[in-house]
Structures are given as C-alpha cells and as structure tokens.
Student: 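I have a structure I would like to understand better, so I am pasting it below and will then ask my questions one at a time.
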Amino acid sequence: MGRGKVQLKRIENKINRQVTFSKRRTGLLKKAHELSVMCDAEVALIIFSNKGKLIEYSTDSCMDRILERYERNSFAEKQLVLNDPVSPANWTLEYNKLKARIELLQREQRHYMGEELHSLSQRDLQNLEQQLAIALKNIRSRKNQLLYESISELQRKEKALQEQNYMLAKQIKEKEKEMVQQPHWDQQNHGNNMPTFLMASQLPCLNINGAYEGVATEDGRINGLDLNMDSLYSCHLGCFPA
C-alpha cells in the first residue's frame, strides 16, 4: 500500500515540524545533486530554516558565479520587457503583479477582520496584534482631536450667544428707561404746546369803553392781532356772551 496524500499545511507540532524539515531538506539536496549529474545542469539551492540557519548547495561551479549569471539573465529579460511597453509579455507581467498585490491586500484585510488566522504563525499573530494596537491608538487619537475641536466650537458659540444676550438686555434697559422718562417729557411739552381752545379763551378782548387791552405795535397789530374793524368787532362780540 502506498502512502496517503499528505495535506500541505503548516505543521503545528514544533517537534514534528523540525523532523519533517530535516527529512525534506536531505531529500531536496539529494534531488538537486541527481539533477545536476544526470542532466549536466548547473544547480544552486538556498534554504533558510525558520530559525534563520542557511543551507545551500551548488554544483561543481561556484555559487557566486551561478548567482551572477542568474542576475545577468534576469536583468536582461527585465530590460527587454521595459523597452517594449506595448508587448503582451509586459501586460502579462503587470497583470500578475497587480493580481498578486490585490490578493495580498485582501488577505491582510481578512486578517485585520479576525478571519483566516489559522494559517498564521505565532510571530505573524504578534505582528498583527501590534499593527492593530497601533491602528487603534491612531483612531483614538483622531477621535479625541475631533472631540476637542467640537468642544472648542461649542464654547465659541456659547460666548457669542452670551455677548448677544448681554447686548439685548442692554437695549431692553435703555427702552425701559425711555418709557419711564416719556411721561415727564409729555408733561413739559404740554405746557409749551397749549391747545388752541385754551389759547382762544385767553385772548385779550375789548373792554366796555371800546379800548383794547393790549400793546400796539408799529404795523397796527396788538399782541399779534389786526386792528381792523372786522377783527375788533369779532373780538368785541367774543368778549360778551350772547
């Protein structure tokens, strides 16, 4: 019976994970050596363990020479693609980059929402927790700033309303003062502006002998009255009751 299909996922048990890494590393190095010998290929293999330990393998040629050749060929391919921006290869490369970027952002967003955390290691979870703590700190700082600005605005409006209230109260006091002084002014104006019927009753009239009690002026008027016959006759009749 053959082995069952192994599900590719992170091994949670630390000891089992270390044993599996050692076995697979040995097998991978063996396969790389067999490929270089059987196919006459230049093979370079670089492995970093989860603790940062470096494991490398290269054929008889030097590792540096293989890496230099790889960088030279990779740089030439990139320059060829960049020099022809309308080429389908460039579109495909750009599409793949954008697609990978979108997938990464969507995965990070799900992690921030607390979803799909089973694939994260303890270190990844710690980094995610730190990022969320920093984001929460920034959110609270922004919220406090908005609250402070709102309080300052309300205080400014309160001060403006208090000043407006003070001006209105001052105007009301001035109006009340004017209303209190108005009867006194009416009384004074009443003495100066006597009604016509009172002035008519106090007009000077002729006495019985026909002499007018008043002071004559040069233009023939006595106290502002004409001395013609009609006016004298009217004044004479006004002095005696009917």
Side-chain angles (χ1 to χ4, degrees), residues 1-139 141:
M1 293 179 62
R3 293 188 305 170
K5 186 177 180 181
V6 179
Q7 185 179 2
L8 295 179
K9 64 177 184 179
R10 184 176 180 272
I11 301 174
E12 298 297 335
N13 189 285
K14 185 177 180 180
I15 298 175
N16 294 339
R17 185 167 62 246
Q18 185 64 31
V19 172
T20 303
F21 175 76
S22 299
K23 290 181 179 180
R24 295 297 179 94
R25 177 194 61 188
T26 303
L28 186 59
L29 293 174
K30 181 179 179 181
K31 291 293 183 182
H33 175 69
E34 292 176 355
L35 181 62
S36 63
V37 173
M38 295 173 62
C39 301
D40 194 18
E42 292 185 357
V43 179
L45 177 62
I46 299 175
I47 302 174
F48 286 97
S49 65
N50 58 349
K51 295 182 179 180
K53 183 179 179 181
L54 172 63
I55 298 98
E56 62 178 351
Y57 169 81
S58 62
T59 54
D60 296 338
S61 58
C62 182
M63 172 69 77
D64 295 337
R65 191 175 68 84
I66 296 176
L67 293 178
E68 182 180 356
R69 182 179 177 183
Y70 166 77
E71 291 178 357
R72 184 171 60 252
N73 293 340
S74 178
F75 178 77
E77 291 179 0
K78 290 181 180 180
Q79 288 297 114
L80 181 61
V81 172
L82 293 177
N83 291 334
D84 189 8
V86 296
S87 64
N90 191 18
W91 296 347
T92 304
L93 180 62
E94 189 68 20
Y95 169 77
N96 293 331
K97 287 182 180 179
L98 294 176
K99 183 179 179 180
R101 180 62 177 172
I102 292 174
E103 291 177 355
L104 178 61
L105 292 175
Q106 291 177 348
R107 184 167 60 254
E108 289 180 352
Q109 183 180 8
R110 290 192 294 269
H111 291 166
Y112 291 145
M113 297 296 294
E115 301 174 356
E116 299 183 6
L117 301 178
H118 59 275
S119 61
L120 299 180
S121 63
Q122 183 178 2
R123 181 177 299 177
D124 295 335
L125 292 175
Q126 290 178 352
N127 294 333
L128 180 61
E129 184 179 7
Q130 292 178 358
Q131 293 176 1
L132 291 175
I134 294 173
L136 183 60
K137 181 179 179 181
N138 294 334
I139 292 172
S141 177

Student: Quick one: pull up CG in N127 and OG in S121 and give me the separation to the nearest 0.5 Å.
Tutor: 8.0 Å
Student: Do H111 and D124 make a side-chain contact, defined as non-hydrogen atoms from C-beta onward lying under 4.5 Å apart?
Tutor: no
Student: Rounded to the nearest 0.5 Å, how far does CD1 of I11 lie from NZ of K9?
Tutor: 9.5 Å
Student: Closest approach of N13 and N16, non-hydrogen atoms and distance?
Tutor: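 Heavy atoms of N13 and N16 come nearest at OD1-N, 3.0 Å.
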Student: Taking atom CD1 of I15 as the centre, does the number of heavy atoms from other residues, nucleotides or ligands within less than 6.0 Å exceed 12?
Tutor: no
Student: Kindly compute the distance separating OG1 (T20) from CD (Q18), expressed to the nearest 0.5 Å.
Tutor: 9.5 Å
Student: For the residue pair T59 and A41, what are the closest heavy atoms and their distance?
Tutor: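 Taking T59 first and A41 second, the nearest heavy atoms are CG2-O, 3.4 Å.
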Student: Less than 4.5 Å apart, side chain to side chain, heavy atoms only: is that true for K137 and I134?
Tutor: no
Student: Just wondering, do R69 and E42 contact through their side chains at under 4.5 Å, heavy atoms?
Tutor: yes
Student: Decide if atom CD of E115 counts as having more than 12 heavy atoms of other residues, nucleotides or ligands within a radius under 6.0 Å.
Tutor: yes
Student: Minimum heavy-atom separation for E12 and R17, please, with both atom names.
Tutor: O-NH1, 3.4 Å
Student: Looking at N96, I want to see if its CG is surrounded by more than 12 non-hydrogen atoms of other residues, nucleotides or ligands under 6.0 Å.
Tutor: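 Yes, CG of N96 has more than 12 neighbouring heavy atoms, counting only those of other groups under 6.0 Å.
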Student: Testing R25, H33, K30 for side chain to side chain donor-acceptor pair (under 3.5 Å) with Y57, which one passes?
Tutor: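 Option passing the side chain to side chain donor-acceptor pair (under 3.5 Å) with Y57: H33.
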Student: If we only count heavy atoms from C-beta on, is the K97 to R101 side-chain gap below 4.5 Å?
Tutor: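 No, every pair of side-chain atoms sits at 4.5 Å or beyond.
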Student: If you measure from CG on L136 to CD on Q131, what distance do you get to the nearest 0.5 Å?
Tutor: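 If I round to the nearest 0.5 Å, the distance is 13.5 Å.
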Student: What do you reckon, is CZ of R10 surrounded by more than 12 foreign heavy atoms closer than 6.0 Å?
Tutor: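 Correct, the count exceeds 12.
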Student: Report the distance from atom NZ of K31 to atom CZ of R24, rounding to the nearest 0.5 Å.
Tutor: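 That separation rounds to 12.0 Å.
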Student: For S36 and V43, which heavy atoms make the closest approach, and how far apart are they?
Tutor: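 Here S36 and V43 meet closest at CB-CG2, 3.9 Å.
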Student: Between atom CG of L128 and atom CG of L117, what is the distance when rounded to the nearest 0.5 Å?
Tutor: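 The CG atom of L128 sits 6.5 Å away from the CG atom of L117.
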